[in-house]
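Written below as C-alpha cells is the structure these notes are about.
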Amino acid sequence: SVFYFDTKNYSQRLIFLGEISYSLYLVHLPVQLLLSRIFDLNNLPMLRQGQSMLFLTVGVSILSAYLSHEILEKKLFDFSIRKLKQLSFI
C-alpha cells in the first residue's frame with residue numbers, strides 16, 4: 001500500500017474490498033451481463049432479477065475482482081516499477 005494506515009481499528013473485510021475496489025469497479029458490469037446472458041440461454045429468466053441476481057453478481061464480481069487484482073494489477077505494477085527503475089526514472 002502506498003499510504004500507511006493503522007489497520008488495527010479497521011475491519012479486514014473492508015481493507016480487502018478497498019484493495020480490490022478498482023478491479024471490482026471494472027468487472028461488476030461484465031459479470032452482471034454475463035450472468036444475465038447465461039440465465040437467458042438456459043431459460044431461467046426468473047434468476048435475472050431480485051436477490052438471487054444481486055447475490056450472484058456480488059459474489060462472482062468479488063471473486064473475479066480478487067483474481068484480476070492478484071494476477072494482473074499486482075504483477076503489472078511490479079513489472080512497471082522494475083522497468084522504470086531500469087530507465088532510472090525512480
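One-based numbering along the sequence shown.
- Residues Ile20 and Val60 are members of separate hydrophobic clusters, defined by side-chain heavy-atom contacts under 4.5 angstrom among Ile, Leu, Val, Met, Phe, Trp and Tyr.
- Summarising the geometry, atom CD1 belonging to Ile71 is positioned 11.5 Å from atom NE2 belonging to His69; distances are rounded to the nearest 0.5 Å.
- Side chain of Thr57 to main chain of Met53: a donor-acceptor pair is present (N/O by atom type, distance under 3.5 Å, no hydrogens or angles).
- Connection of Met46 to Leu35 is established within a shared hydrophobic cluster, with ILVMFWY side chains joined at heavy-atom distances below 4.5 Å, either directly or through further cluster members.
- Minimum interatomic distance between Ile62 and Leu24 (heavy atoms only, all atoms of both residues): N-CD1, 3.8 Å.
- Leu33 is not connected to Leu26 by any chain of hydrophobic side-chain contacts under 4.5 Å among Ile, Leu, Val, Met, Phe, Trp and Tyr, and they are in different clusters.
- From Lys74, atom NZ reaches atom CD of Glu19 across 6.5 Å, with rounding to the nearest 0.5 Å.
- Tyr22 and Leu76 fall into different hydrophobic clusters, defined by Ile, Leu, Val, Met, Phe, Trp and Tyr side-chain heavy atoms under 4.5 Å apart, directly or through other members.
- Tyr66 and Leu17 fall within the same hydrophobic cluster, defined by Ile, Leu, Val, Met, Phe, Trp and Tyr side-chain heavy atoms under 4.5 Å apart, directly or through other members.
- Proximity of Leu44 to Ile38: side-chain heavy atoms (C-beta onward) are nowhere separated by under 4.5 Å.
- When side chains are defined from C-beta on, Gln86 counts as touching Lys83, because their heavy atoms get closer than 4.5 Å.
- Between the side chain of Ser61 and the backbone N or O of Val58 there is no donor-acceptor pair closer than 3.5 Å.
- Counting heavy atoms of neighbouring residues, nucleotides and ligands inside a 6.0 Å radius, atom OH of Tyr25 does not exceed 12 of them.
- Surrounding CZ of Phe39 are more than 12 heavy atoms belonging to other residues, nucleotides or ligands, all under 6.0 Å away.
- By the 4.5 Å heavy-atom criterion applied to side chains, Ser52 and Leu54 are not counted as neighbours.
- We find the CZ-CG distance between Arg37 and Asn42 to be 10.5 Å, quoted to the nearest 0.5 Å.
- The minimum heavy-atom distance linking Ser23 with Ala65 is given by the pair CB-O, 3.4 Å.
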